[in-house]
Engineer: 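Once you've had a glance at the structure underneath, I'll fire off some questions.
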Amino acid sequence: MLKRRHVLSMKDFSREEIDEILETAESLEPYARGKGSDILDGKILALMFFEPSTRTRMSFETAMKRLGGMTINLGSAEASSIAKGESLADTIRVVGGYADAIVIRHPKEGSARLAAEFSPVPVLNAGDGAGHHPTQTLLDLYTIKKESHLDDLSIALVGDLKYGRTVHSLAYALSLYGADIYLVSPPTLRMPEQIIGDLSRMGTRVREVSDLREVIEEVDVLYITRIQRERFPDPVEYNRVARSYSINTRDLEGAKPELRIMHPLPRVDEISPSIDGTKHAVYFRQSFYGVPVRMALLKMILED
Ligand code: NCD
């Protein structure tokens, strides 16, 4: 079903397809912890990261290697022929000749879709500017399924909803599961109108609030995000909203005992370390789940 397919946006996926990916991830989880497998023996995954990354890059690499495959890495743009003026289209055509699939992260929205037009092999979008981050969403859904519940979910997306690509992708996917979504952000960092419109058309109950206290008693999951400093055209604007949300144990008063707190990471100061030791915190397990979920994707796309 996913064989040789691009992974560019959650909008391209049905609920049945997502369920199959999550089930495959579940079956591969034992192999993500050291047992390993050789189902992708001889396959090569190319990593092209034009923006900083720790989790996405390293968990893709781990996933490929745990399945017996190999990775090649473009390295920094300065060290590649991009620095000589080569276009993204040409680079993709060339790398597509070396690898069986390409993972790309790029600061420009739409770059992964553009890459897919020129690539002879499947392209996986690992974040295109403020656009989408579909593989993060799949691991977020896997986390919710394992640590909370996907059915009848009430969730608050908190922080930078304007520039945060993880929340854009996640909101579309949550719509497929009938979640109630609260959007909690400063007024200048609201979820784009177009996405809110799409969610409403999909029949999703969406409510915008600016104060977390209004929803803390309602939600099963708090999904907190970093203010995306690198996307602000003006540093003064950033400073105005930096640290607008900084959650500590006091902010959780009245919360459900089974509340789960998620964060795609990296955190700057959105979540106090005092929360790390509570049963609410699942963000470090969430980053581990990137391995089985990316293993599932690579297996489904690349296996012969
Ligand atoms: C996110 C990203 O790059 O969009 N990081 C990640 O992939 N886990 C979130 C962020 O940078 O804030």
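Atoms within a ligand are numbered from 1 in the order they appear, just like the ligands themselves. Quick note: numbers below take in every heavy atom, side chains included, and nothing from hydrogens, waters or symmetry partners. Residues: numbered from 1 along the sequence shown.
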Engineer: Within less than 4.0 angstrom of ligand 1, does Pro266 place any heavy atom?
Structural biologist: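 In this structure, Pro266 qualifies as a contact of ligand 1 - some heavy atom is under 4.0 Å.
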
Engineer: Going by the order shown, which atoms of ligand 1 are within less than 4.0 Å of some heavy atom of Leu265?
Structural biologist: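 Atoms satisfying the 4.0 Å criterion: 1 (C), 5 (N), 6 (C), 8 (N), 9 (C).
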
Engineer: Would you tell me whether His133 and Arg105 have side-chain atoms, one donor and one acceptor, within less than 3.5 Å of each other?
Structural biologist: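 Side-chain D/A pair, His133 to Arg105: present.
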
Engineer: Mark yes or no for whether Asn248, through its side chain, and Ser272, through its backbone, hold a donor-acceptor pair below 3.5 Å.
Structural biologist: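 No: the side chain of Asn248 does not pair with the backbone of Ser272.
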
Engineer: When you measure from atom 7 (O) of ligand 1 to each heavy atom in His133, Arg55, His263, which option holds the nearest one?
Structural biologist: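 Nearest heavy atom to atom 7 (O) of ligand 1 lies in His133.
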
Engineer: Verify whether one side chain among Tyr177 and Asp19 offers a donor that lies under 3.5 Å from an acceptor in the other.
Structural biologist: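 Asp19 and Tyr177 do have a side-chain donor-acceptor pair below 3.5 Å.
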
Engineer: Could you say whether the N/O atoms of Thr166 and ligand 1 ever approach to under 3.5 Å?
Structural biologist: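 No, Thr166 has no N/O under 3.5 Å of an N/O on ligand 1.
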
Engineer: When you compare the side chains of Ser154 and Glu218, does any donor N or O come within less than 3.5 Å of an acceptor on the partner?
Structural biologist: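 No.
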
Engineer: I want to check a possible cation-pi pair here: Arg5 against Phe13, using under 6.0 Å from ring centre and within 45° of the ring axis as the test.
Structural biologist: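 The answer is yes, since Arg5 meets both limits relative to Phe13.
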
Engineer: Which of the atoms in ligand 1, numbered in the order shown and given with their element, are less than 4.0 Å from a heavy-atom of Thr56?
Structural biologist: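 Contacts of ligand 1 toward Thr56, numbered from 1: 6 (C), 7 (O).
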
Engineer: Quick test: of every protein heavy atom, which one is nearest to atom 4 (O) of ligand 1, and how far off is it to 0.1 Å?
Structural biologist: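 Checking every protein heavy atom, the shortest distance to atom 4 (O) of ligand 1 gives Arg165 NE, 2.7 Å.
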
Engineer: Do any N/O atoms on Arg226 end up under 3.5 angstrom from N/O atoms on ligand 1?
Structural biologist: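 For ligand 1, there is an N or O atom that lies under 3.5 Å from one belonging to Arg226.
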
Engineer: Short question: side chain of Thr225, backbone of Val158 - any donor-acceptor pair under 3.5 Å?
Structural biologist: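 Side chain of Thr225 to backbone of Val158, a donor-acceptor pair under 3.5 Å: yes, one is there.
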
Engineer: Below 4.0 Å, non-hydrogen atoms only: which portion of Glu51 touches ligand 1? Side chain, backbone, both or neither.
Structural biologist: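 Answer for Glu51: neither.
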
